[in-house]
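Because the structure is a prediction, the values reported are computed rather than measured.
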Amino acid sequence: MHVVYENGTEIFVNGGSWGDWSVRDQSGKTVLLPAFGWLAVNRRTGFYEFSAMVDGSRVDSVRSSEFEFLDGRGKRTRDGNLEARGSVALRHKDFGIELIDIYGNDRIGFRANASGKLTAFDPEGKALGPVPATVADGWVEFEPVAGARSYRFTAVPNDPLSK
């Protein structure tokens, strides 16, 4: 099924169980939709969401102006500004970047354009302390902290990440 809305949003849904469906998004990129997979895009708003095959595995991803979400469904996956094996969400805040570890992650990565400080928080918002992270090629990676639900990355202005 392919639907185009007045606001420019296009939705593709593979509603059958008969096999994969190859579609092209608004930029011309090929997206492989498995049975019951979908792609929703709106070039004007920058919204891009899919449940599709990526490198042989099903992945769920959302990119919008408000947040990003990624679920690698058990396989380490990089999409947009996130890298994870499980589910993780990213939001840009006044202080920098907030990451929410939803489930299934042994390591979380995110793209950042400056170095900074990463702090873990429990589900009630209590600070658990600093989190060690590695930095490479514009990406920050860390292991989730036991008892933590979210992480805040506060960038250091004018201090680019190491290359």
Side-chain angles (χ1 to χ4, degrees), residues 5 7-13 23-34 36-123 125 128 131-145 148-157 159-163:
Y5 291 93
N7 70 359
T9 301
E10 279 191 79
I11 299 177
F12 301 85
V13 178
V23 298
R24 291 199 183 271
D25 66 15
Q26 293 173 332
S27 69
K29 176 183 171 188
T30 299
V31 180
L32 187 60
L33 303 179
F36 306 107
W38 68 87
L39 169 67
V41 295
N42 185 309
R43 183 177 279 170
R44 287 190 292 230
T45 65
F47 182 79
Y48 195 93
E49 175 182 357
F50 65 80
S51 182
M53 301 303 290
V54 176
D55 298 327
S57 297
R58 187 158 180 168
V59 173
D60 300 324
S61 175
V62 179
R63 286 181 256 152
S64 73
S65 58
E66 293 85 27
F67 71 95
E68 290 187 43
F69 167 84
L70 176 65
D71 186 346
R73 292 188 175 213
K75 181 179 179 188
R76 188 134 185 90
T77 303
R78 184 179 279 186
D79 185 70
N81 294 306
L82 287 169
E83 183 173 11
R85 179 180 314 279
S87 289
V88 64
L90 177 151
R91 295 189 293 186
H92 292 278
K93 302 289 236 173
D94 291 339
F95 57 78
I97 295 172
E98 177 184 42
L99 296 147
I100 301 166
D101 182 13
I102 300 169
Y103 75 89
N105 291 299
D106 56 356
R107 205 154 171 76
I108 296 172
F110 62 98
R111 191 185 326 259
N113 56 11
S115 62
K117 177 179 144 186
L118 187 64
T119 307
F121 291 83
D122 72 9
L128 299 176
V131 178
T134 59
V135 177
D137 298 323
W139 285 82
V140 177
E141 290 190 13
F142 65 96
E143 292 181 13
V145 173
R149 172 59 58 202
S150 65
Y151 302 85
R152 293 181 188 167
F153 180 77
T154 306
V156 176
D159 187 10
L161 286 173
S162 60
K163 295 282 178 188

Query - Test log, rule side chain to side chain contact (heavy atoms under 4.5 Å, CB included), inputs K75 and V54 - result: CA-CA 10 Å; K75 181 179 179 188; V54 176; over 6 Å; no
Report summary line: Shortest non-hydrogen pair, G80 vs R63, comes out as CA-CD, 3.8 Å
Requested in this report: Evaluate side chain to side chain contact (heavy atoms under 4.5 Å, CB included) for L70 paired with L90, printing each intermediate quantity in order.
Outcome: CA-CA 9 Å; L70 176 65; L90 177 151; over 6 Å; no
Query - L32 to A52 - nearest heavy-atom pair and separation - result: O-CB, 3.3 Å
Report task. Describe, in one word, how the ring planes of F142 and F110 are oriented to each other, choosing from parallel (under 30°), tilted (30 to 60°) and perpendicular (over 60°). Result -> perpendicular
Query raised in the report: How long is the span from the OG1 atom in T77 to the CG atom in D71, to the nearest 0.5 Å?
Result: 8.5 Å
Query raised in the report: So how far is it from S87 OG to N105 CG, rounded to the nearest 0.5 Å?
Result: 7.0 Å
**Report entry** Close side-chain approach of F69 and F67, heavy atoms under 4.5 Å
**Finding:** yes
**Report entry** Test side chain to side chain contact (heavy atoms under 4.5 Å, CB included) applied to F47 and V62, step by step
**Finding:** CA-CA 8 Å; F47 182 79; V62 179; 3.9 Å; yes
Query raised in the report: To the nearest 0.5 Å, how far apart are CH2 in W139 and CG in N81?
Result: 6.0 Å
Query raised in the report: For G8, does its backbone N or O pair with a side-chain atom of Q26 as donor and acceptor, under 3.5 Å?
Result: yes
Query - Contact summary for A133 and L118, nearest pair of heavy atoms - result: CB-CD2, 4.3 Å
**Report entry** Test item: D79 and E68 side chains (from C-beta on) under 4.5 Å apart, heavy atoms
**Finding:** no
**Report entry** Distance, nearest 0.5 Å, that separates CZ of F50 from CH2 of W38
**Finding:** 10.5 Å
Query raised in the report: Do you know the tightest heavy-atom contact between A112 and V140?
Result: CB-CG2, 4.1 Å
Query raised in the report: Would you call S27 and R43 a side-chain contact if the rule is heavy atoms closer than 4.5 Å?
Result: yes
Query raised in the report: Which value, rounded to the nearest 0.5 Å, describes the distance between I11 atom CD1 and E49 atom CD?
Result: 8.5 Å
Query raised in the report: More than 12 non-hydrogen atoms from neighbouring residues, nucleotides or ligands closer than 6.0 Å to CG on D106, yes or no?
Result: yes
Requested in this report: Evaluate the side-chain proximity of S61 to Y48: yes if any heavy-atom separation is below 4.5 Å, no if none is.
Outcome: no
Report task. Taking N42 for its side chain and T45 for its backbone only, find out whether a donor-acceptor pair lies under 3.5 Å. Result -> yes
Report summary line: Nearest heavy-atom contact between L33 and S51 is CD2-O, 4.1 Å
Query raised in the report: Less than 4.5 Å apart, any side-chain heavy atom of R91 and any of S150?
Result: no
Report summary line: Taking every heavy atom of F12 against every heavy atom of R24, the minimum-distance pair comes out as CZ-O, 3.8 Å
Query raised in the report: Is there a donor-acceptor contact under 3.5 Å linking the side chains of R107 and T134?
Result: yes
**Report entry** Spacing of CZ belonging to R149 relative to CG belonging to D101, to within rounding of 0.5 Å
**Finding:** 6.0 Å
Query raised in the report: Donor-acceptor pair, R73 side chain versus D60 backbone, under 3.5 Å?
Result: no
Query raised in the report: Between N113 (side chain) and G138 (backbone), is there a donor-acceptor pair under 3.5 Å?
Result: no
